[in-house]
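Quick notes on the structure that follows.
So you know, we letter chains A, B, ... as the sequences are listed, proteins then strands, and number each from 1. Note that the structure is a prediction, hence the values are computed from the model and not measured.
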Amino acid sequence: MIRSIFYSLFLGLIIAAVLMFLVAFPFGQNKMGVGQYYLDNTVKETGASNVVTAVTLEYRGFDTLGEMTVLFAAATGVSLIFYLSDEEKKKKKRENNRTKANFVVRVGSRIIFPFVILFGIYIILHGHLTPGGGFQGGAVIASGVLMLYLANPDIQIGRNKLLVTEGLAGLTYVLIGLAGLFTPAKSFLANFLPLGTPGFILSAGILLPLYIAVGVKVGSEFSGIIDDLFSTIDENGGEE
Amino acid sequence: MIYFIWFLILLTVVFALLSVHLKDLLAAVILMGASSLVVSMLFLLLQAPDVAMSEASIGAALTMAIYIIVVKKTERREK
């Protein structure tokens, strides 16, 4: 009894504290001036038409490197549990003998696949001009691979090639960042290339190569995760 | 326009509730993906196209695929 009174008092205290804390903030107003600063100065300082890209790669480029590290850790974790070599995967897929999809689905997915990849590449290359960028484009490429895997049970992409691509892309990002140390700006991920005219594909300095690196890395990482997971499906699993 | 946004918000909540309560887990996963899709439409309408693209490809495609693989490897119906 005393204990429950104590608990409810404690809970009421916490709720009151949170409410008082929230009331102190005016609703719907700008608390920070940094957003307005980005909107005013991004095009002038970075040459990127897309402010979101400029924030993620130019002003917060180091955070993006951290995000890529997190993603790399996740993909490595999946690989640690599910990794099989390509031959073993092919053998396993033959043994599992998943039901073949309809002819229309199989052929249709193979016809659509290049266009999905092309769209992903478009999103990556125009990251500094239009909405989207490396992460979104990489995810689109990976969903194309996912479609191929769903429709064709016996298909197998080269896992080791994906691993090499992924590593090289991550290395490219770090190397571009390190190259900034030897420029007059003397800082990691400094924008040392010419900024160009905003609105053109060759503008915004290092943002384009950085986003290409991010896109290739995200695309190959997600495709690798899909590949690892799909090799574990068997027709006899579950209740059937 | 504002009514359309309210309709989408309502749809998100309905899909989320259904995906929690359905006993057929495959249908629940598909409804979860539909909920993500509606959320990405909301992001697009609320002037955040970058987030909308991430949500559509990650939330509606890749997450759903991983859940479907899990359902395939375990049991389809919740007891």
Side-chain angles (χ1 to χ4, degrees), chain A residues 50-56 67 71 74 78 82 96 98-99 116 119-120 122-124 126-128 130-150 153 211 215 218-219 221-240, chain B residues 1-6 8-9 12 15 19 21-79:
Chain A
N50 184 4
V51 180
V52 179
T53 298
V55 172
T56 51
E67 273 172 34
L71 203 61
V78 173
F82 293 116
N96 292 340
R98 251 176 76 201
T99 327
V116 175
F119 184 55
Y122 164 80
I123 292 177
I124 293 172
H126 289 72
H128 56 300
T130 52
F135 189 77
Q136 288 89 342
V140 167
I141 289 178
S143 43
V145 174
L146 167 70
M147 178 185 69
L148 212 59
Y149 265 77
L150 278 176
Y211 242 174
V218 170
E221 240 155 32
F222 279 145
S223 308
I225 291 178
I226 289 167
D227 177 47
D228 280 340
L229 286 177
F230 262 85
S231 64
T232 64
I233 298 184
D234 46 1
E235 207 59 34
N236 314 319
E239 58 182 349
E240 278 107 0
Chain B
M1 191 62 179
I2 190 77
Y3 292 109
F4 187 53
I5 290 179
W6 275 111
L8 286 185
I9 292 173
T12 315
F15 280 159
S19 69
H21 284 287
L22 276 183
K23 294 288 176 196
D24 185 349
L25 291 179
L26 192 62
V29 168
I30 289 169
L31 278 172
M32 203 184 71
S35 167
S36 288
L37 202 65
V38 177
V39 169
S40 87
M41 281 159 73
L42 267 176
F43 278 133
L44 193 63
L45 288 176
L46 298 174
Q47 310 291 320
D50 294 80
V51 192
M53 281 165 128
S54 305
E55 178 72 29
S57 50
I58 302 284
L62 295 176
T63 314
M64 218 170 95
I66 290 174
Y67 272 105
I68 286 176
I69 292 169
V70 171
V71 169
K72 180 91 186 158
K73 285 198 75 72
T74 53
E75 287 181 7
R76 184 166 166 181
R77 295 198 68 81
E78 189 181 346
K79 291 201 183 79

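Taking each heavy atom of B/I58 and A/A139 in turn, the nearest pair found is CD1-CB, 3.7 Å. Looking at every heavy atom in both residues, B/M53 comes nearest to A/G132 through SD-CA, 3.5 Å. Across every non-hydrogen atom of A/L146 and B/A65, the tightest pair is CD1-CB, 3.4 Å.
Between B/D50 and A/N50 there is a side-chain heavy-atom pair separated by less than 4.5 Å.
Using a 4.5 Å cut-off between heavy atoms, A/L229 contacts chain B through both its backbone and its side chain.
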